Amino acid sequence: MFGLFKKKERELPPFNELKNSGIKDVYFVRLARWDWLNQDMIHVVDNNAPRMITMDPWPQLIYLEADGQKTVSEFVYDMASKYGKKQPIPEELDSTIIQMINSLINDKLIELSTESRKLPYYIDLPQSKQDLNKANKLMIEDGFIKE
């Protein structure tokens, strides 16, 4: 009778790709400035070319979560916890996330770090929330902008 209201443990997929991944225990960190394009979509300022980038929802979510404070494993398990009771966790969730992280790394929009890091405010906050003069000065000092 007392087990009637006991919460059933959520069953997770094996996440074999994550378990075998060399990046599972590293942090992922944003590298580029960004801002909101509208209430659902961001644009990222490419540090390597004169362009602005928009993303599909999954890569955008990964980019915004690349705060240097969570590992790839922590992120995968956090995303798995977002699925509801009636919505099964996709078996390939880990491989999809790892693939998107690698794509963002190849685009030089995020990088991996063996230690957690605090983002500089001009990368942490959207551009519309910053004092741009201060941000540009700090970017020059940090070597993001070459004079």
Side-chain angles (χ1 to χ4, degrees), residues 2-130 135-136 138-146:
F2 292 106
L4 185 63
F5 298 106
K6 189 175 182 180
K7 192 172 184 177
K8 185 179 174 186
E9 193 76 22
R10 184 86 192 256
E11 194 167 319
L12 294 170
F15 291 149
N16 289 324
E17 185 157 345
L18 179 65
K19 288 178 183 167
N20 297 319
S21 174
I23 68 169
K24 67 182 176 190
D25 296 321
V26 297
Y27 299 87
F28 54 114
V29 183
R30 255 191 319 268
L31 295 175
R33 294 180 298 146
W34 65 281
D35 205 351
W36 289 101
L37 196 56
N38 59 41
Q39 70 182 58
D40 299 320
M41 183 180 277
I42 65 168
H43 67 271
V44 177
V45 178
D46 190 341
N47 291 330
N48 306 299
R51 65 182 178 142
M52 294 170 88
I53 302 165
T54 58
M55 301 176 200
D56 289 330
W58 263 107
Q60 176 176 297
L61 175 63
I62 292 169
Y63 181 81
L64 290 173
E65 291 290 322
D67 61 2
Q69 300 299 304
K70 66 184 77 60
T71 65
V72 172
S73 289
E74 290 169 339
F75 179 69
V76 169
Y77 285 103
D78 183 47
M79 289 296 99
S81 74
K82 306 275 189 227
Y83 286 84
K85 290 179 182 178
K86 294 182 169 110
Q87 193 176 24
I89 300 166
E91 292 285 327
E92 68 284 348
L93 179 65
D94 61 331
S95 58
T96 300
I97 290 173
I98 289 170
Q99 186 177 42
M100 288 185 202
I101 287 174
N102 285 328
S103 176
L104 290 168
I105 290 168
N106 290 338
D107 289 338
K108 296 182 173 97
L109 297 177
I110 67 171
E111 68 181 1
L112 300 176
S113 174
T114 56
E115 297 178 359
S116 67
R117 284 197 269 187
K118 186 169 174 21
L119 294 175
Y121 90 95
Y122 52 85
I123 292 178
D124 187 25
L125 298 174
Q127 286 183 304
S128 57
K129 301 280 186 201
Q130 301 174 22
N136 287 335
L138 288 172
M139 288 177 65
I140 291 168
E141 290 171 4
D142 286 350
F144 279 96
I145 297 176
K146 306 284 188 246

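These numbers come from a predicted model, not from an experiment.
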### Summary
Between Ser113 and Val29, the two heavy atoms sitting closest are CB-CG2, 4.1 Å

### Query
With a cut-off of 6.0 Å (strictly less than), are more than 12 heavy atoms of other residues, nucleotides or ligands near NZ of Lys19?
yes

#### Entry: Any donor-acceptor N/O pair, Asp94 side chain to Glu17 backbone, under 3.5 Å
yes

### Message
I'd like to know if the side chain of Tyr77 and the backbone of Leu12 have a donor-acceptor N/O pair within less than 3.5 Å.
### Response
no

### Query
Can you check side chain to side chain contact (heavy atoms under 4.5 Å, CB included) on Lys108 and Asn47, steps first, answer last?
CA-CA 8 Å; Lys108 296 182 173 97; Asn47 291 330; over 6 Å; no

### Task
Please answer whether the main-chain N or O of Tyr122 pairs with a side-chain N or O of Gln130 as donor and acceptor at a distance below 3.5 Å.
yes

### Query
Going by heavy atoms in the side chains, are Trp34 and Ile53 under 4.5 Å from each other?
no

#### Entry: Under 3.5 Å: donor-acceptor pair, side chain of Gln60, backbone of Asp40
yes

### Task
Dump the intermediate steps for side chain to side chain contact (heavy atoms under 4.5 Å, CB included) on Ile89 and Phe15, then the final yes or no.
CA-CA 11 Å; Ile89 300 166; Phe15 291 149; 4.1 Å; yes

### Query
Name the one of Val72, Asp67, Thr71 that satisfies side chain to side chain contact (heavy atoms under 4.5 Å, CB included) with Tyr27?
Thr71

### Query
If every non-hydrogen atom of Pro13 is compared with every non-hydrogen atom of Pro90, which pair is closest and at what distance?
CG-O, 3.7 Å

### Query
Are Asp124 and Lys118 close enough for a salt bridge, meaning some N to O gap below 4.0 Å?
no

### Task
Let me see the working for Leu37 and Met52 under side chain to side chain contact (heavy atoms under 4.5 Å, CB included), right down to the final yes or no.
CA-CA 11 Å; Leu37 196 56; Met52 294 170 88; over 6 Å; no

### Query
Got Ile105 and Asn102 here, is their nearest side-chain heavy-atom distance under 4.5 Å?
yes

### Task
Would you indicate whether Gln69, at its atom CD, is surrounded by more than 12 heavy atoms from other residues, nucleotides or ligands within a distance under 6.0 Å?
yes

### Query
To the nearest 0.5 Å, what is the distance between CD1 (Ile101) and OG1 (Thr96)?
11.0 Å

### Sole residue of Met55, Arg30, Met100 in side chain to side chain contact (heavy atoms under 4.5 Å, CB included) with Ile62
Met100

### Approximate separation, where rounding is to 0.5 Å, of Leu61 CG and Ile42 CD1
10.0 Å

### Query
Nearest 0.5 Å, what's the CG-OH distance between Leu93 and Tyr83?
5.0 Å

### Query
Distance-only, no hydrogens or angles: does the Glu111 side chain make a donor-acceptor pair with backbone N or O of Leu31 under 3.5 Å?
no

### Phe75 CZ to Ile97 CD1 distance, which is reported to the nearest 0.5 Å
5.0 Å

### Query
Going by heavy atoms in the side chains, are Asp35 and His43 under 4.5 Å from each other?
yes

### Task
Look at the side chain of Asp78 and the backbone N and O of Glu74, then say whether any donor-acceptor pair between them is shorter than 3.5 Å.
no

### Task
State the CG-CG distance between Asp46 and Asp107, to the nearest 0.5 angstrom.
8.0 Å

### Task
Give, for atom CD1 of Ile23 and atom OG of Ser73, the distance between the pair rounded to the nearest 0.5 Å.
9.0 Å

### Query
Can you tell me if Gln127 uses its side chain to pair, donor with acceptor, with the backbone of Arg33 under 3.5 Å?
no

